[in-house]
Undergrad: 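Okay, here's the structure, questions in a sec.
Along the sequence shown, residues carry numbers from 1. Start at 1 and go down the list; that is how both ligands and their atoms are numbered.
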Amino acid sequence: MEVLLAGLRAAGEPTRLRLLALCAHGELSVTELTQILSQSQPRVSRHLKLLVEAGLLTRFREGSLVFYRISESGDSAHLARTLVELLPDDDTELTRDLGRLDQIRHKRAEIAENYFQENAGQWNKIRALHVPEADVEQRLLQLVGTGSIGSFLDIGTGTGRVLELFAAQVERGIGLDLSSEMLAIARTQLERDEFRHLQVRKGDMYNMPIDNESIDVATLHLVLHYSLEPALVITEAARTLTTGGRLFIVDFDAHQEERLRAEHKHQRLGFTDREINQCMVQAGLVPGPVESLMGDPLTVKFWQGVRA
Ligand SMILES: C[S@@+](CC[C@H](N)C(=O)[O-])C[C@H]1O[C@@H](n2cnc3c(N)ncnc32)[C@H](O)[C@@H]1O
């Protein structure tokens with residue numbers, strides 16, 4: 001009863017209802033919300049604080065930016081969604097807000113697209129060295145299996161492609177990446193309604209903002225070669241897994257393509273099965289069968305481990 005009353009009190013004000021409606025459509029920064037509402041930042045921040053305190057919105061920091069989204073869990077999450085559903089579709093002010101939100105999304109998408117275009121050439125060069133991406137994705141899907149997954153973590157998510165791949169079978173998905181530019185692309189890609197249960201967050205694979213034993217399936221898809229200390233990354237991933245939770249690593253077999261170091265900042269020229277399996281054992285994982293897709297010159301490997 002107390003929670004309900006607190007939620008209703010917090011939402012019972014025109015600007016706060018507008019904020020709730022906007023944050024139900026995606027993750028927005030204070031600056032973006034201020035632009036949409038045409039109100040001063042301190043005022044918008046005050047309203048946001050009340051909505052967060054009542055549990056209707058969730059706040060999270062990404063570098064220098066603070067984002068808000070509608071709560072997905074907790075006692076007030078249901079109330080937040082219900083209130084948004086009750087809002088009239090034909091309200092002039094809300095319609096105008098959503099129009100401005102669209103403009104902001106366009107601008108974000110443009111910035112993300114520019115960054116992607118600038119780097120896409122480099123990525124395409126690497127792709128040409130190994131097997132087609134669709135084959136890699138297909139094999140990963142097969143290995144993980146079609147069963148439903150409670151919580152899913154994609155480490156070094158980049159554009160969020162692996163999150164998208166598993167969207168249909170995942171209850172809750174989180175993608176972590178260190179690069180704000182990549183996260184901006186991922187966020188744009190995941191803005192569709194069917195991806196509401198997927199989120200991306202800024203985070204370092206060596207020290208992830210993820211609770212112990214909270215993840216059922218974790219993936220490291222073409223990320224580990226950016227690490228000079230893969231054992232630390234694997235230990236950190238294993239920390240987040242529930243008992244019986246699974247880690248899948250997709251990366252290159254040990255190779256001699258030195259230019260990937262110089263031209264593409266790869267820290268490691270692939271890995272041997274022995275090295276990855278040893279890291280897994282040290283991290284408390286039981287290594288499973290290893291699979292590969294032969295490419296020339298790069299072979300893609302699929303390593304998996306289960307938390308004992
Ligand atoms: C080649 S991309 C792969 C992206 C994605 N996994 C995919 O396969 O589409 C490698 C990603 O790892 C991220 N990355 C590199 N170092 C990281 C770190 N220490 N913590 C988190 N992400 C990192 C990069 O920002 C980049 O987005």
Undergrad: Taking all atoms of both residues into account, what is the closest heavy-atom pair of Gly156 and Val223, and its distance?
TA: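 Scanning both residues, the minimum pair turns out to be O-CG2, 3.3 Å.
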Undergrad: Consider side chain to side chain contact (heavy atoms under 4.5 Å, CB included). Of Val162, Val217, Asp154, Leu220, which one does Phe248 pass it with?
TA: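 Going through Val162, Val217, Asp154, Leu220 one by one, the side chain to side chain contact (heavy atoms under 4.5 Å, CB included) with Phe248 is satisfied by Val217 alone.
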Undergrad: Under the side chain to side chain donor-acceptor pair (under 3.5 Å) rule, collect the residues that match up with Ser151, sequence neighbours excluded.
TA: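 Result, side chain to side chain donor-acceptor pair (under 3.5 Å) vs Ser151: Asp216.
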Undergrad: Dump the pairs for me: ligand 1 N or O, protein N or O, distance under 3.5 Å, to 0.1 Å.
TA:
{"from": "ligand 1", "atom 1": "6 (N)", "to": "Gly156", "atom 2": "O", "distance (Å)": "2.7"}
{"from": "ligand 1", "atom 1": "6 (N)", "to": "His221", "atom 2": "O", "distance (Å)": "2.8"}
{"from": "ligand 1", "atom 1": "8 (O)", "to": "His221", "atom 2": "O", "distance (Å)": "3.2"}
{"from": "ligand 1", "atom 1": "8 (O)", "to": "His221", "atom 2": "ND1", "distance (Å)": "2.5"}
{"from": "ligand 1", "atom 1": "19 (N)", "to": "Asp204", "atom 2": "OD1", "distance (Å)": "2.9"}
{"from": "ligand 1", "atom 1": "20 (N)", "to": "Met205", "atom 2": "N", "distance (Å)": "2.9"}
{"from": "ligand 1", "atom 1": "22 (N)", "to": "Leu178", "atom 2": "N", "distance (Å)": "3.4"}
{"from": "ligand 1", "atom 1": "25 (O)", "to": "Asp177", "atom 2": "OD1", "distance (Å)": "2.6"}
{"from": "ligand 1", "atom 1": "27 (O)", "to": "Asp177", "atom 2": "OD1", "distance (Å)": "3.4"}
{"from": "ligand 1", "atom 1": "27 (O)", "to": "Asp177", "atom 2": "OD2", "distance (Å)": "2.7"}

Undergrad: Check Arg69 against Gln199 and note the closest heavy-atom contact, atom names and distance.
TA: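 Where Arg69 meets Gln199 most closely, the heavy atoms are NH1-CG, 2.9 Å.
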Undergrad: Do the numbers put Arg187 on top of the ring of Phe67, so that NZ or CZ is under 6.0 Å from the six-membered ring centre and no more than 45° off the axis?
TA: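 Checked: cation-pi criterion met.
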Undergrad: Under 3.5 Å, is there a donor-acceptor pair between the Thr31 and Gln41 side chains?
TA: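 No - no donor-acceptor pair under 3.5 Å links their side chains.
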